[in-house]
Amino acid sequence: MRSATITRETAETRIEVTLNLDGTGVYDNQTGVGFFDHMLDQLSRHSLIDLTVRAKGDLHIDDHHTVEDTGIAIGQALVRALGDKKGIRRYGSFHLAMDDALIRAALDLSARPFLIWNVDFPTAKIGTFDTELVREFFQALSTHGGITLHVDRLHGLNSHHIAEAAFKAVARALREAVEPDPRMAGVLPSTKGAL
Ligand SMILES: [Mn+2]
């Protein structure tokens, strides 16, 4: 079973993340930020990565530290669960349509963090949630998960749909990338000999 638990505590947040790459998309996410929980649930359900998140952050300031630090902890858990990366597909991509929103995600579990984020939101808020925090989450995930990640909004009118489609698109791409490739069993998907 490729799984990991990460506990990360700072003066701003205390985060505990448990994930299982070989799961069925079972989730239990409680961060104190309702919309963010909804997004983490999508990430788990559509990647088939079981995900449990407990976050206690300084929400009296705003949601920023909690969202960012959860991204850091999930990235760290991903790296630990992936281990030596032998036998995985490594790459994944998906076009995800959700009503008006169309998002393309493409990623490489390269250990070379890089985020290209072309996702504009028509509103600054979704309920009480700052839409700019969606990018903050994926920046943290990319950096600490060692992921080259490109996310593009090809279309979209509604901020809730755009954010949700982004999480689902990345989830589907991640599902593909972490999956064992039966033709690559025990083989590192790189000609360099290291990932
Ligand atoms: Mn929704």
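Every number for a ligand or one of its atoms is a count from 1 in the order of the listing.
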Between the side chains of Thr66 and Thr13, does any donor sit under 3.5 Å from an acceptor?
->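 Per modelled atom types, Thr66 and Thr13 side chains form no pair under 3.5 Å.
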
Determine which pairs satisfy ring-ring contact (aromatic ring centres under 6.0 Å, His included) with at least one residue from residues 150-195, sequence neighbours left out, and list them in order.
->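 Output for this query lists Phe35-His160, His38-His160, Phe137-Phe167, Phe138-Phe167.
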
Residue pairs fulfilling side-chain hydrogen bond (donor to acceptor under 3.5 Å, both in side chains) with at least one residue in residues 111-130, sequence neighbours excluded |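 Found Asn118-Asp152, Thr123-Ser159, Lys125-Asp130.
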
Could you please tell me which protein N, O or S atoms lie under 2.8 Å from the Mn ion (ligand 1)?
->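 Listed by chain and number, the nearby protein N, O or S atoms are His38 NE2, His160 NE2, Glu164 OE1.
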
All side-chain hydrogen bond (donor to acceptor under 3.5 Å, both in side chains) counterparts of Gln30, not counting sequence neighbours |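 Per chain and number, Gln30 pairs via side-chain hydrogen bond (donor to acceptor under 3.5 Å, both in side chains) with Asp28.
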
Salt-bridged, Arg14 to Glu9, with N to O below 4.0 Å?
->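 Counted as a salt bridge, because a side-chain N and a carboxylate O are separated by less than 4.0 Å.
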
Side-chain ion pair, Arg89 and Glu176, N-O less than 4.0 Å =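 A salt bridge is absent here (no side-chain N lies under 4.0 Å from a carboxylate O).
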
